[in-house]
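First comes the structure, then the notes that go with it.
Since this is a predicted model, take the numbers as computed values, not measurements. Numbering of ligands and ligand atoms starts at 1, following listing order.
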Amino acid sequence: PAATQPLIIVGTGLAGYHLAREWRKLDPDSPLLMITHDDGAFYSKPLISTGFAKGQTPEQMVTSSAHTMAEQLRAEILTHTTVEQIDPHARTVTANGTDYRYQQLVLALGSEAMAPPLTGTGLDRVYTVNDLTDFRHFHRAIAPHRRLLIIGAGLIGSEYANDLAHTERDIQVVDPLPSALGSLMPAAVGNAVQRSLERRGVRYHLGTVVQSLAATADGVTATLANGTNIDADIVMSAIGVRPRTALAQAAGIAVGRGIKTDRWLRTSAPNIYALGDCAEVAGYNLLYVMPLMHAARALAPTLAGQPTAVHYPSMPVMVKTTLCPTVVCPVPPSLEGQWQIEQDGEEHVQALFYDRQNQLRGFALCGRFLREKDRLNRQLGALLE
Ligand code: FAD
């Protein structure tokens, strides 16, 4: 009989590694091949935006090397290897000119940072930080510098502004929305975060965009749409991420915002599954850790022969702006309804989103209202029963 083909997991981020662990608990013997574009180190990605305040280097964030992971998981892990093609009919993936056959294939490709639409001679000073490799580059580049411009006041831009504010740097943040964290929560809560960072010296330019970056002798000058010029040594772009769908799309697999799957994490192609940032699970493309953990817990038994639907409870996200800790349970996009705000001074804000049927559908909390999190979360109920 033909030798059993391995389970192939492409991607060794939290999604790929969590799935591998869960699956190994159920199937100790079948072969597992993991393929990753990066070095395969295991790390917790949320920590990369809290390292400066803790004085933690990128290397200290690595919990296990690819070698250790391969031993623990009894897997073969191909690092620095990019999958270029999937052939669902032949059941192969191609990397570096070699075809690898799979029994079942899992795409855990993550998302990539969007490039800011900028012009000018200073673009080589712009960094994006979406994974540990990026963070290593940024960490090295910023070390000798004081003046940082952050493009984007969303989750990642705000967390880095908060983190680097602990290092006595001169930080300026630009965002087209009128308030910080504006795509996740109403202004009342975003303003609380903004004020607490401003008290640490961070300067905000909201309701405008960076149009161009001109190289100068010692850095760049950014020109904003509102006419302001900002001098900086180095620039971080944090304008958002986009699920990696191109590989799947080229193989004829259905994609929407992410690689489309049903509740069993099955893509439109037989024996091919997806989870994590790259996946759009039953209509939800959620770029957070909790959803991928739930997905891994369902997909592992499915791969082991016991089809299991993913269950998503309500999953609030902690915004790690430690100067003003905030929790948000984002409102599903395009849901109609309104925010109800309760506020006690600038620091204590509760924002509750009610839909047209007067059902609670999302919230954002900071200050003393943080303690309402669990109660509100129970009220919200599951995202996918
Ligand atoms: P990734 O970790 O991006 O892994 C993708 C993997 O795929 C990588 O190994 C890559 O090398 C590989 N790959 C991609 N394409 C190929 C290819 N063609 N061939 C081979 N390999 C390939 N979420 C929270 O819930 N809470 C937080 O506090 C939080 N903070 C965050 C802070 C920052 C700074 C960032 C950037 C994200 C944060 N997130 C947070 C989001 C969370 O970290 C991600 O949702 C999660 O880590 C995604 O994991 P993943 O495995 O899907 O993707």
> To which protein heavy atom is atom 3 (O) of ligand 1 closest, and what is the distance rounded to 0.1 Å?
Replying inline: Lys45 NZ, 3.0 Å
> Got the closest protein heavy atom to atom 26 (N) of ligand 1, with its distance?
Replying inline: Pro46 CG, 4.1 Å
> Where's the contact between Lys320 and ligand 1, heavy-atom distance under 4.0 Å: side chain, backbone, both or neither?
Replying inline: side chain
> Do any nitrogen or oxygen atoms of Arg244 come within less than 3.5 Å of a nitrogen or oxygen of ligand 1?
Replying inline: no
> Of all the atoms in ligand 1, which lie at a distance below 4.0 Å from a heavy atom belonging to Val10?
Replying inline: 19 (N), 20 (C), 21 (N)
> Are any of the N or O atoms of Ile48 closer than 3.5 Å to those of ligand 1?
Replying inline: no
> Quick one: CZ on Phe135 to OG1 on Thr57, what's the gap to the nearest 0.5 Å?
Replying inline: 8.5 Å
>> Give me the nearest non-hydrogen protein atom to atom 53 (O) of ligand 1 as residue plus atom name, then the distance to 0.1 Å.
In response: Gly110 CA, 3.2 Å
> Just how far is it from atom CD of Glu76 to atom CD1 of Ile8, taken to the nearest 0.5 Å?
Replying inline: 9.5 Å
> Non-hydrogen atoms of Asp131 versus ligand 1: any pair closer than 4.0 Å?
Replying inline: no
>> If the threshold is 4.0 Å, N to carboxylate O, is there a salt bridge linking Arg203 and Asp170?
In response: yes
>> Between ligand 1 and Val319, can you find any atom pair, the residue atom being a heavy atom, that is separated by under 4.0 Å?
In response: no
> Just by distance, do the side chain of His18 and the backbone of Met293 share a donor-acceptor pair under 3.5 Å?
Replying inline: no
> Do His37 and ligand 1 have an N or O pair less than 3.5 Å apart?
Replying inline: yes
>> Would Arg356 and Glu336 count as a salt bridge (Lys or Arg N to Asp or Glu O under 4.0 Å) here? Give the steps.
In response: CA-CA 6 Å; Arg356 287 277 172 81; Glu336 288 188 23; 2.6 Å; yes
> Does Arg136 count as lying over the ring of Tyr43, i.e. NZ or CZ under 6.0 Å from the six-ring centre, within 45 degrees of the axis?
Replying inline: no
>> For Asn96 and Thr98, which I'm curious about, is there any donor-acceptor pair between the side chains at under 3.5 Å?
In response: no
> Among all protein non-hydrogen atoms, which one is nearest to atom 42 (C) of ligand 1, and what is the separation to 0.1 Å?
Replying inline: Val289 CG2, 3.9 Å
> Considering only the protein, which heavy-atom contact is closest to atom 49 (O) of ligand 1, and what is its distance?
Replying inline: Leu292 CD2, 3.6 Å
> What is the closest protein heavy atom to atom 16 (C) of ligand 1, and at what distance does it sit?
Replying inline: Leu109 CD2, 3.8 Å
> Under 3.5 Å, N or O to N or O, is Met290 touching ligand 1 that way?
Replying inline: no
> Is Ser49 close to ligand 1, meaning an N/O of one under 3.5 Å from an N/O of the other?
Replying inline: no
> Near Thr81, which atoms of ligand 1 are under 4.0 Å from a heavy atom of that residue?
Replying inline: 19 (N), 20 (C)
> Are Val174 and Ile156 in one and the same hydrophobic cluster, where Ile, Leu, Val, Met, Phe, Trp and Tyr link if side-chain heavy atoms are under 4.5 Å apart?
Replying inline: no
>> At less than 4.0 angstrom from any non-hydrogen atom of Gly11, what atoms of ligand 1 do you find?
In response: 6 (C), 7 (O), 9 (O), 12 (C)
> Looking only at protein heavy atoms, which one is nearest to atom 41 (C) of ligand 1, and how far off is it?
Replying inline: Leu287 O, 3.4 Å
>> If you compare all heavy atoms of Arg101 against all heavy atoms of Thr92, which two are closest, and at what distance to 0.1 Å?
In response: CG-CG2, 3.7 Å
> For ligand 1, which atoms, with element, lie under 4.0 Å from some heavy atom of Gly276?
Replying inline: 52 (O)
> Polar-atom distance check: Asp277 versus ligand 1, any N or O pair below 3.5 Å?
Replying inline: yes
> Would you say the side chains of Ser179 and Asn191 form a donor-acceptor pair under 3.5 Å?
Replying inline: no
>> Does any N or O of ligand 1 fall below 3.5 Å from an N or O anywhere on Asp38, backbone included?
In response: yes
>> Can you confirm, on distance only, whether ligand 1 has an N/O atom lying under 3.5 Å from any N/O atom belonging to Leu155?
In response: no
> Taking heavy atoms and a distance under 4.0 Å, where does Ile156 meet ligand 1: side chain, backbone, both or neither?
Replying inline: side chain
>> I need the atoms of ligand 1 closer than 4.0 Å to a non-hydrogen atom of Ala108, numbered in the order shown.
In response: 5 (C), 6 (C), 7 (O)
>> Taking distance alone, with N or O pairs closer than 3.5 Å, would you say Tyr160 contacts ligand 1?
In response: no
> What heavy-atom pair brings Met185 and Trp339 nearest, and what distance separates the two atoms?
Replying inline: CA-CZ2, 4.5 Å
> So, Asp38 versus Thr36: side-chain donor-acceptor pair below 3.5 Å or not?
Replying inline: yes
>> Within the 4.0 Å heavy-atom shell around Ile35, which atoms of ligand 1 are there?
In response: 20 (C), 21 (N)
> Going by an N to O cut-off under 4.0 Å, is there a salt bridge joining Arg147 and Asp218?
Replying inline: yes
>> Quick check: closest heavy atoms across Asn226 and Thr208, and the distance to 0.1 Å?
In response: N-OG1, 3.1 Å
> How far apart are the closest heavy atoms of Gly305 and Pro307, and which atoms are they?
Replying inline: O-CD, 3.4 Å
>> I need the nearest protein heavy-atom contact for atom 17 (C) of ligand 1: residue, atom name and distance, please.
In response: Val83 N, 3.7 Å
> Does a donor on one side chain and an acceptor on the other come within less than 3.5 Å for Thr321 and Asn162?
Replying inline: no
